[in-house]
Amino acid sequence: GKWTGALVIVFKDQPEGRIAWLVAMGGRWICTREGIGLLRETLAYTKAKYMRGLARPSVARMWSQLGIRSLYTIMEVDL
């Protein structure tokens, strides 16, 4: 496959290890098993221990089908 799109990744060093935060992601082939697999391999090469990202419920459902698990839910109220 060929990646067509863009990723924004921020690395954060934490006591449990280096975290690669997916800040923004979009395009073709990125959200496939092969695309996520290649992304995981690439991020592991950077010594990242975890890949994390915030997602709307619809995106979270898609990511869960690709083997990405949910850690927590963020709640909000207008002030």
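Keep in mind that this is a model prediction, so the values were computed, not measured.
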Report summary line: So the salt bridge (charged side-chain N to carboxylate O under 4.0 Å, His left out) pairs with at least one residue in residues 57-68 (sequence neighbours excluded) are none
Requested in this report: Please report the closest heavy-atom contact between Met62 and Cys31, naming both atoms and the distance.
Outcome: CE-SG, 3.7 Å
**Report entry** By salt bridge (charged side-chain N to carboxylate O under 4.0 Å, His left out) - contacts of Arg40 (at least two apart)
**Finding:** none
List the atom pairs, with distances to 0.1 Å, where a side-chain N or O of residues 51-59 and a protein N or O form a donor-acceptor pair under 3.5 Å, not counting sequence neighbours.
none

Query - Transitive ILVMFWY side-chain link Ile68 to Ile19, under 4.5 Å - result: no
**Report entry** Same cluster (ILVMFWY, side-chain, under 4.5 Å), Met75 and Leu71
**Finding:** no
**Report entry** Members besides Leu79 in its Ile/Leu/Val/Met/Phe/Trp/Tyr cluster (side-chain heavy atoms under 4.5 Å)
**Finding:** Val77
Requested in this report: Please round to the nearest 0.5 Å and tell me the distance separating atom CZ of Arg69 and atom CG of Leu66.
Outcome: 14.0 Å
**Report entry** CD-OH distance between Gln14 and Tyr50, expressed to the nearest 0.5 angstrom
**Finding:** 10.5 Å
Query raised in the report: After noting the C-alpha distance and the side-chain angles of Ile9 and Leu22, does the key distance pass the side chain to side chain contact (heavy atoms under 4.5 Å, CB included) rule?
Result: CA-CA 5 Å; Ile9 301 169; Leu22 300 179; 3.8 Å; yes
Report task. Answer yes if Trp21 and Leu39 sit in the same cluster of Ile, Leu, Val, Met, Phe, Trp and Tyr residues linked by side chain heavy atoms under 4.5 Å apart, and no otherwise. Result -> no
Query raised in the report: How would you list, by chain and number, every residue that makes a side-chain contact (heavy atoms from CB on, under 4.5 Å) with Tyr45, sequence neighbours excluded?
Result: none
Report summary line: The side-chain contact (heavy atoms from CB on, under 4.5 Å) partners of Thr32 (sequence neighbours excluded) come to Trp29, Glu34
